[in-house]
Amino acid sequence: MPSVSAPKSCILGTGAYAPDRVLSNADLERLVDTSDAWITERTGIKERRVAADDQASSDMALVAAQRALEAAGLTAKDLDMIIVGTVTPDLPMPACAAILQQKLGAGPIPSFDISAACAGFIYAMSIADQFIRSGAQKHVLIVGVELLSRILNMKDRTTCVLFGDGAGAAVLGPAKADGAGILSTKLYTDSSLVGSLCIPAGGSKERLTPEALGAQRDKVHMAGQDIFKVAVKNLTSASRSALEQAELPSSAVRWVVPHQANLRIIAQVAQRLDIPLERFVLNIEKYGNTSSASIPIALDEALRDGRIEKGDTVLMCALGAGISWGSALVRV
Ligand code: ACO
């Protein structure tokens, strides 16, 4: 069991990237039968970012990773491992992490993707922590990157208004003696809702036939209400478990950096955890749901603008397709 007094790995630096192009709710009003009022009231989203046609996930990940390395005072040559959480890799194979390794100019280090949808960054953080904790690796780059605009049906108002593109990254390394570090992580998957949030075609189960493409079965399909209910319940319980594992009360949490899927989900989790919403880092209004990128983008923003200060205890929690979810408690 991890000890609160002696964390073994810590965050050395973070970075983020969001594409320049802004897609507002007003823009979406012209594409589908929706309204700024509905989107704002039901989700908290006002606008989201969309990647340029010539950008791939690895391009966005590269900028976020370079910023994280700079913040950590390291170069790509110092890295021992790269883990990328994404459901939108550049190619079905090889891994986005392999392409990122090449673009960064890192050495021949283990580099692999994690497919845990919106929980991808938490999964990557937990795995990196295990490798550093065991002494097997020293510096691990973790990235959450999504180019979700490529996998959205822009005629489906129940999904196309929710998601955005972006990337966030962190460099993890051995903890120093200042008490900063990863205090606990918790990971879960419950496959009973696989069909409630998935891309039906394009994998080994269903081929990309003209019929499948015509029916947009290569795009995100989601039963939003099913996911909403389990999101509130599971994000709350995972957050409590991370606190219990670190033997800390919720009052010890200075900031919560939640996955930015829906402001109503976040507000209900805040209420159940008895942590005021003012202590949640929120940027869903600007970026929408960027899946695995949402936590590292919000974390980076709050670190850079000084909201999160040295010594703060930060709780992170995320849930997405799988359904996979998890939490991490970190002292920065
Ligand atoms: N604009 C206008 N009306 C809409 C829109 C829209 N964009 N979307 C749906 N509606 C309509 C529906 O058709 C429905 O109309 P009806 O009552 O006439 O049938 C009505 O609004 C209510 O629809 P609900 O689906 O019940 O709306 P809800 O309040 O549940 O909000 C939402 C939908 C935002 C999707 C919510 O359920 C949600 O956030 N779910 C969780 C999403 C999530 O966390 N996903 C996991 C991460 S994503 C990942 O892993 C990649």
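Computed over heavy atoms, backbone and side chain alike; hydrogens, waters and symmetry mates excluded. Everything quoted here is computed from the prediction, not taken from an experiment. In listed order, ligands and their atoms are each counted from 1.
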List the steps and the verdict of side chain to side chain contact (heavy atoms under 4.5 Å, CB included) for Phe131 and Met81. CA-CA 9 Å; Phe131 272 102; Met81 178 177 273; 3.7 Å; yes
Under 3.5 Å: N or O atoms of ligand 1 paired with protein N or O:
from     : atom 1 : to     : atom 2 : distance (Å)
ligand 1 : 1 (N)  : Thr34  : OG1    : 2.7
ligand 1 : 3 (N)  : Trp38  : NE1    : 3.4
ligand 1 : 3 (N)  : Arg157 : NH1    : 3.4
ligand 1 : 7 (N)  : Thr34  : OG1    : 3.1
ligand 1 : 7 (N)  : Arg157 : O      : 2.9
ligand 1 : 13 (O) : Arg157 : NH2    : 3.0
ligand 1 : 21 (O) : Trp38  : NE1    : 3.3
ligand 1 : 26 (O) : Gln225 : NE2    : 2.5
ligand 1 : 29 (O) : Arg42  : NE     : 3.1
ligand 1 : 29 (O) : Arg42  : NH2    : 2.7
ligand 1 : 29 (O) : Arg264 : NH2    : 2.9
ligand 1 : 31 (O) : Arg264 : NH2    : 3.4
ligand 1 : 37 (O) : Gly224 : O      : 3.2
ligand 1 : 39 (O) : Asn262 : ND2    : 2.7
ligand 1 : 40 (N) : Gly224 : O      : 3.0
ligand 1 : 50 (O) : Ala321 : N      : 3.0

Do Ile83 and Leu62 belong to the same hydrophobic cluster, where Ile, Leu, Val, Met, Phe, Trp and Tyr are linked whenever their side-chain heavy atoms lie under 4.5 Å apart, directly or via other members? no
Kindly write out the residues that satisfy salt bridge (charged side-chain N to carboxylate O under 4.0 Å, His left out) with Asp90, not counting sequence neighbours, or none if the list is empty. none
Pairs of donor and acceptor atoms involving the side chains of residues 274-285, under 3.5 Å and at least two apart or interchain, shall be tabulated with distances.
from   : atom 1 : to     : atom 2 : distance (Å)
Arg279 : NH1    : Val253 : O      : 2.3
Asn283 : ND2    : Glu301 : OE1    : 3.4

Quick check: do Ile151 and Asp218 have side-chain heavy atoms less than 4.5 Å from each other? no
Residue list, side chain to side chain donor-acceptor pair (under 3.5 Å) with Thr159, at least two apart or on another chain: Asp156
